[in-house]
Amino acid sequence: MATSKIKKGDLVKVIAGKDKDKEGKVLSVDVKNGKVVVEGINMVFKHQKPSYSNQQGGIVEKEAPIDISNVMYLYKGKPVRVGFEGEGKDKKRVAKVNGKLEKID
């Protein structure tokens, strides 16, 4: 599978779906399935049985994964496309801003 353009810890903006125009931090990335979990986005209710770690059980609200194509990287507060520059070990992520490439990492 190709390298993901969105990584854990990135700030992203949702561009499609029920949480459109909301922003959040990426908690995890599933490159194989093309999904990301974003903090405070796509909240769902999960019914949990009582367990040793959760003695009470009950209904828990948590983030569900959304498709990676529904988020855009935020660069200086604006959503931008992300690309790669360089080869091999010199390969770096870049933000495509107004036809120019600006390094992210």
Side-chain angles (χ1 to χ4, degrees):
M1 198 78 198
T3 307
S4 176
K5 294 181 180 183
I6 305 291
K7 293 186 177 183
K8 182 179 176 180
D10 286 348
L11 284 174
V12 294
K13 183 173 188 171
V14 179
I15 58 170
K18 69 178 186 179
D19 292 319
K20 185 176 179 177
D21 294 329
K22 289 186 182 177
E23 298 173 0
K25 183 179 172 185
V26 176
L27 300 176
S28 68
V29 178
D30 182 2
V31 179
K32 184 178 179 185
N33 296 321
K35 303 280 185 181
V36 291
V37 176
V38 182
E39 187 176 31
I41 304 296
N42 198 24
M43 300 299 285
V44 295
F45 291 101
K46 178 136 177 84
H47 297 263
Q48 289 191 328
K49 282 183 172 181
S51 65
Y52 185 75
S53 61
N54 183 7
Q55 302 270 335
Q56 187 72 24
I59 302 171
V60 178
E61 193 174 15
K62 61 182 275 184
E63 295 95 354
I66 61 173
D67 202 87
I68 202 163
S69 66
N70 292 341
V71 297
M72 281 186 87
Y73 181 80
L74 281 178
Y75 181 73
K76 296 183 180 176
K78 294 189 176 184
V80 295
R81 290 179 298 143
V82 176
F84 291 98
E85 189 177 64
E87 293 292 322
K89 291 186 178 183
D90 297 330
K91 191 174 183 182
K92 299 283 182 191
R93 286 193 307 164
V94 292
K96 298 178 180 181
V97 184
N98 296 333
K100 299 176 196 153
L101 301 176
E102 298 186 26
K103 291 193 184 197
I104 294 173
D105 303 321

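Computed from heavy atoms alone, side chains included, the values below leave out hydrogens, waters and symmetry copies.
In terms of heavy atoms, Ser69 sits closest to Asp67 at OG-OD2, 2.7 Å. Contact record, Asp10 with Tyr73: CG-CE1, 3.5 Å, taken as the closest heavy-atom pair. Annotation for Val82 and Lys5: closest pair O-CD, 3.2 Å, computed over non-hydrogen atoms.
Heavy-atom neighbours of Gln55 CD from other residues, nucleotides or ligands within 6.0 Å: above the threshold of 12. Heavy-atom neighbours of Glu87 CD from other residues, nucleotides or ligands within 6.0 Å: at or below the threshold of 12.
With sequence neighbours left out, Lys78 forms a salt bridge (charged side-chain N to carboxylate O under 4.0 Å, His left out) with no residue at all. Judged as a side chain to side chain donor-acceptor pair (under 3.5 Å), and not counting sequence neighbours, Lys25 has no contacts.
The side-chain heavy atoms of Val97 and Glu102, taken from C-beta on, include a pair separated by under 4.5 Å. In this structure the side chain of Glu23 never reaches within 4.5 angstrom of the side chain of Val12, judged on heavy atoms.
The hydrophobic cluster containing Ile15, built from Ile/Leu/Val/Met/Phe/Trp/Tyr side-chain heavy atoms closer than 4.5 Å, also comprises Met72. Cluster partners of Ile59 are Phe45, counting Ile, Leu, Val, Met, Phe, Trp and Tyr whose side-chain heavy atoms approach within less than 4.5 Å, directly or via other members. Leu11 belongs to a hydrophobic cluster with Leu74, counting contacts under 4.5 Å between side-chain heavy atoms of Ile, Leu, Val, Met, Phe, Trp and Tyr, direct or through other members.
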Let me have the donor-acceptor pairs involving side chains of residues 33-43, under 3.5 Å, with sequence neighbours excluded, atom names and distances please.
| unit_1 | atom_1 | unit_2 | atom_2 | d |
| --- | --- | --- | --- | --- |
| Asn33 | ND2 | Asp30 | OD2 | 2.8 |
| Asn42 | ND2 | Ala64 | O | 3.4 |
| Asn42 | ND2 | Pro65 | O | 3.2 |

Please determine whether side chain to side chain contact (heavy atoms under 4.5 Å, CB included) holds for the pair Ile6 and Val26, giving the CA-CA distance in whole Å, both sets of side-chain angles, and the decisive distance to 0.1 Å. CA-CA 8 Å; Ile6 305 291; Val26 176; 3.8 Å; yes

As a quick check of understanding, evaluate side chain to side chain contact (heavy atoms under 4.5 Å, CB included) for Phe84 and Arg93, giving each step before the final call. CA-CA 5 Å; Phe84 291 98; Arg93 286 193 307 164; 3.5 Å; yes

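Summarising the geometry, atom CD belonging to Glu85 is positioned 10.5 Å from atom NZ belonging to Lys96; distances are rounded to the nearest 0.5 Å.
Distance alone, capped at 3.5 Å, places no donor-acceptor pair between the Asn98 side chain and the Lys100 backbone. Under the 3.5 Å distance criterion, the side-chain polar atoms of Ser4 are left unmatched by any main-chain donor or acceptor of Lys7.
Transitive grouping of hydrophobic side chains (ILVMFWY, heavy atoms separated by less than 4.5 Å) keeps Leu27 and Val71 in distinct clusters.
Taking the charged nitrogens against the carboxylate oxygens, Asp19 and Lys22 do have a contact shorter than 4.0 Å, which makes a salt bridge.
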